[in-house]
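What follows is a short report on a single structure.
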Amino acid sequence: MYKKLIVANWKSNKNPDEAVAWLEELKQKIDNIQLNADNFEVVICPPFIDIPVLNDRLKVISFKFSVKLGAQDISPFDDGSYTGAVSGKQLKGFIDYCLVGHSERRKYFGETTEMVAQKIEKLSGQKIIPIICAENRENIPAGISSLAPDAAVVMFEPSTAISINGVYRAEDPNEVNKTITSWKSIIGAYQMLYGGSVNPENAKQLLDAGAEGFVIGKASLLVDSFVGILLNV
Ligand code: PGA
């Protein structure tokens with residue numbers, strides 16, 4: 001049984017000061033409540049610019065549960081002349097996880113499944129765990145089968161379920177259950193997360209439907225709604 005992986009995907013939100021304020025508020029709020037802290041691990045995926053300062057703060061703030069950092073993207077190339085790209089070698093030491101193939105990367109930045117495969121290879125080379133986002137099985141590169149079950153995480157993310165303009169529209173938990181069960185039987189024992197409009201009201205139902213964790217966009221931006229989800233894990 002995996003510990004549930006609760007991933008905050010801040011997308012293009014929060015500058016370094018706001019990121020640190022969020023972390024400090026999280027610490028202050030969770031210290032005063034009862035949580036099943038052994039059941040889950042938190043991963044914060046902030047914008048690149050926030051990663052070093054959060055990494056520094058996490059060395060001095062201790063939480064009741066494990067808190068790790070992830071990136072939202074990685075270059076498909078090594079170091080070199082690739083303007084705007086951040087390589088695995090540069091990220092090494094700062095992060096344990098990295099999202100790849102998020103539907104917003106596919107939609108707005110032209111990320112293809114071939115690029116996702118290249119990114120997974122770069123991450124594996126640095127021992128960073130890819131969180132492979134997929135709307136359907138074709139989005140998951142075939143090469144994943146060469147990775148050990150604990151060396152990758154898969155997220156079922158129907159693009160139609162992602163919150164829009166602050167409005168949640170989560171997938172039916174029965175569909176989440178069907179997809180996760182079928183993917184597990186085909187692609188193996190990777191931890192399977194669900195992403196799309198997860199919030200304090202539906203978190204329990206989605207976990208009961210088989211999600212082994214979440215990728216959370218909107219509801220991760222405010223500490224109160226993020227903690228509201230943790231209370232249901
Ligand atoms: P949302 O985003 O929680 O705002 O729907 C989820 C995601 O992008 O995976």
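Order of listing sets the numbers, starting from 1, for every ligand and every atom in it. Model, not experiment: these values are computed from the prediction.
Counting atoms of ligand 1 from 1 in the listed order, those under 4.0 Å from a heavy atom of Gly196 are 5 (O), 6 (C). Near Lys218, meaning under 4.0 Å from one of its heavy atoms, ligand 1 places the atoms 1 (P), 3 (O), 4 (O).
If you look at Trp183 and Tyr190, their ring centroids are not closer than 6.0 Å.
In this structure, Arg169 falls outside the shell of residues with a heavy atom less than 4.0 angstrom from ligand 1. Ligand 1 lies nowhere less than 4.0 angstrom from a heavy atom belonging to Ala219.
Applying the side chain to side chain contact (heavy atoms under 4.5 Å, CB included) test between His102 and each of Gln72, Glu111, Glu157, Lys107 identifies Glu157 as the sole match.
Between Arg106 and Glu135 there is no salt bridge, since none of the side-chain N atoms of the basic residue sits less than 4.0 Å from a carboxylate O of the acidic one.
Inclusion of Gly217 in the set of residues having an N or O under 3.5 Å from an N or O of ligand 1 is warranted. Checked by distance only, ligand 1 and His102 come closer than 3.5 Å through their nitrogen or oxygen atoms.
Looking only at distances, no side-chain donor or acceptor of Lys27 sits under 3.5 Å from a matching main-chain atom of Ile61.
Scanning all protein heavy atoms for the shortest distance to atom 4 (O) of ligand 1 gives Ser163 OG, 2.6 Å. Atom 2 (O) of ligand 1 has Lys11 NZ, 3.2 Å as its closest protein atom, hydrogens excluded (heavy atom only).
Taking Ile, Leu, Val, Met, Phe, Trp and Tyr as hydrophobic and joining them when side-chain heavy atoms fall under 4.5 Å apart, one finds Tyr97 in a cluster with Leu5, Val7, Val43, Leu99, Ile129, Ile131, Val153, Met155, Leu193, Val215.
Sorted by first then second residue, the side-chain hydrogen bond (donor to acceptor under 3.5 Å, both in side chains) pairs that include residues 208-224, not counting sequence neighbours, are Lys29-Asp224, Lys184-Glu212, Lys204-Asp208.
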